[in-house]
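Throughout, numbering of the chain's residues begins at 1 and tracks the sequence.
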Amino acid sequence: MSLDAAWALDWVRRAAELIAENRAELTELDRAIGDADHGDNLDRGMRAVVTKLDAAQEAGNLPATPGGVLKVVATTLMATVGGAGGPLLGTAFLKAARSCEATAWGPGELVRALEEATSGLEARGHAISGDKTMADAWRPAAVAAKEAAEIGEDEVGVLTAAAQAAVKGAQDTEPLQARRGRASFLGERSCGHRDPGAQSSALILQAALEAARDRSSDRLQVVEQA
């Protein structure tokens with residue numbers, strides 16, 4: 001099983017739904033250590049992404065590759081999401097989009113996309129894992145994905161490892177003192193709070209996994225019926 005543009009489109013739609021469902025929680029997390037706008041901003045950005053992709057679909061102009069879909073995500077987030085979230089997530093998606101031009105992604109392509117996304121985000125935010133930022137979800141996800149691919153896991157296995165690592169990475173930001181971003185101005189007062197960007201990143205990667213699982217299930221049903 002390889003993951004094509006239809007998977008990427010499903011990923012984006014599921015991510016938008018998860019962000020909308022968790023908008024209030026993300027805003028509350030940001031209220032503790034930021035501007036209290038991360039949930040609202042990201043929800044607005046993801047809605048804009050879905051609107052743009054819907055319009056492309058109606059016009060028959062949907063991108064034909066996963067990278068093409070993710071490029072739409074990147075440019076739209078950069079244009080619509082305020083604060084640090086838009087540039088950081090936009091850069092991550094843009095780097096992932098540029099990592100592979102293939103029409104379908106296997107484990108190797110997923111690993112490369114996650115690594116490129118993470119490296120781009122780290123460079124843009126001047127942050128590394130442990131700084132209490134989005135990188136605390138993305139870097140563990142990229143590492144876990146690579147390890148899963150190296151032991152022969154398929155696309156679902158790779159994304160499962162990435163999503164689980166991202167969730168743990170987000171949880172692990174709670175005791176950290178922020179070293180980057182607005183939260184860093186709080187010093188020790190930033191400890192005891194989960195980073196909202198790491199939490200939203202974990203949700204986005206969870207959506208990628210859910211979309212892949214559905215495609216795997218559909219493929220299995222087709223094989224069983226053949």
Side-chain angles (χ1 to χ4, degrees), residues 1-26 29 38-54 57 62-63 65-74 76-77 80-81 85-86 88-97 99 104-105 107 109-111 113-114 116-118 121 134 136-142 144-145 148 154-171 194-218:
M1 180 190 72
S2 294
L3 303 175
D4 57 10
W7 159 76
L9 183 60
D10 190 23
W11 171 14
V12 174
R13 294 188 190 283
R14 289 172 184 267
E17 291 174 359
L18 280 177
I19 295 300
E21 291 170 4
N22 291 273
R23 176 182 58 79
E25 178 190 0
L26 294 172
L29 290 175
H38 183 66
D40 291 335
N41 283 345
L42 189 52
D43 180 43
R44 181 174 63 253
M46 292 306 296
R47 289 178 188 273
V49 169
V50 172
T51 296
K52 183 164 287 189
L53 288 170
D54 283 346
Q57 188 169 32
L62 270 177
T65 67
V69 173
L70 299 188
K71 184 177 180 180
V72 174
V73 178
T76 306
L77 290 181
T80 59
V81 177
L88 290 174
L89 279 175
T91 297
F93 275 106
L94 186 60
K95 292 295 186 178
S99 70
W105 290 2
E109 288 77 20
L110 287 172
V111 169
L114 285 168
E116 289 295 314
T118 302
L121 182 149
M134 291 181 183
D136 285 286
W138 285 89
R139 175 50 64 189
D154 64 5
E155 293 85 353
V156 172
V158 167
L159 288 174
T160 297
Q164 290 175 345
V167 168
K168 186 176 186 304
Q171 293 171 343
R194 187 174 304 189
D195 181 71
Q199 181 69 8
S200 62
S201 295
L203 292 172
I204 288 169
L205 292 171
Q206 178 65 34
L209 169 59
E210 291 176 358
R213 279 177 173 166
D214 269 9
R215 293 191 66 77
S216 177
S217 176
D218 290 344

Mind checking what makes side-chain contact (heavy atoms from CB on, under 4.5 Å) contact with Ala163, not counting sequence neighbours?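 Only Gln206, Leu209 meet the side-chain contact (heavy atoms from CB on, under 4.5 Å) criterion with Ala163.
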
Partner residues of Val81 under the side-chain contact (heavy atoms from CB on, under 4.5 Å) criterion, sequence neighbours left out: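 Partners of Val81 under the side-chain contact (heavy atoms from CB on, under 4.5 Å) test: Asn41, Leu77.
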
Residue that, paired with Val156, satisfies side chain to side chain contact (heavy atoms under 4.5 Å, CB included) out of Leu159, Val158, Thr160: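 Single side chain to side chain contact (heavy atoms under 4.5 Å, CB included) partner of Val156 among Leu159, Val158, Thr160: Thr160.
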
Show the numbers, then the answer: is there a side chain to side chain contact (heavy atoms under 4.5 Å, CB included) between Arg13 and Leu9? CA-CA 6 Å; Arg13 294 188 190 283; Leu9 183 60; 3.8 Å; yes

Which distance, rounded to the nearest 0.5 Å, do you find between the [atom1] of [X] and the [atom2] of [Y]?
{"X": "Leu94", "Y": "Glu116", "atom1": "CG", "atom2": "CD", "answer": "10.5 Å"}
{"X": "Arg47", "Y": "Arg23", "atom1": "CZ", "atom2": "CZ", "answer": "8.0 Å"}
{"X": "Met46", "Y": "Thr80", "atom1": "CE", "atom2": "OG1", "answer": "9.5 Å"}
{"X": "Leu203", "Y": "Glu25", "atom1": "CG", "atom2": "CD", "answer": "7.5 Å"}
{"X": "Glu210", "Y": "Asp214", "atom1": "CD", "atom2": "CG", "answer": "8.0 Å"}
{"X": "Gln199", "Y": "Leu29", "atom1": "CD", "atom2": "CG", "answer": "6.0 Å"}

Without swapping roles, check the side chain of Asp43 against the backbone of Gly39 for a donor-acceptor pair under 3.5 Å.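 The answer is no, because no donor-acceptor pair under 3.5 Å joins these two groups.
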
Strictly distance-based, threshold 3.5 Å: is any side-chain N or O of Trp11 a donor or acceptor partner for the main-chain N or O of Leu205?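 Flag not set: sc Trp11 to bb Leu205 has no pair under 3.5 Å.
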
Within a strict 4.5 Å, meaning less than it, do heavy atoms of the [X] and [Y] side chains meet?
{"X": "Val49", "Y": "Phe93", "result": "no"}
{"X": "Asp136", "Y": "Asp195", "result": "no"}
{"X": "Asp4", "Y": "Arg215", "result": "yes"}

Which atom pair, heavy atoms only, marks the closest approach of [X] to [Y]?
{"X": "Ala137", "Y": "Ser201", "answer": "CB-CB, 3.9 Å"}
{"X": "Leu42", "Y": "Leu89", "answer": "CD1-CD1, 3.7 Å"}
{"X": "Ala74", "Y": "Gly90", "answer": "CB-O, 3.3 Å"}
{"X": "Trp105", "Y": "Ala96", "answer": "CH2-O, 3.6 Å"}
{"X": "Ala104", "Y": "Ser2", "answer": "CB-CB, 3.5 Å"}
{"X": "Ser200", "Y": "His38", "answer": "OG-NE2, 2.8 Å"}

Check salt bridge (charged side-chain N to carboxylate O under 4.0 Å, His left out) between Arg194 and all other residues, then give those that pass, not counting sequence neighbours.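 For Arg194 the salt bridge (charged side-chain N to carboxylate O under 4.0 Å, His left out) partners, ignoring immediate neighbours, are Glu174.
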
For the pair Asp10 and Arg213, find out whether any cationic side-chain nitrogen is under 4.0 Å from an anionic carboxylate oxygen.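 No, this pair does not count.
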
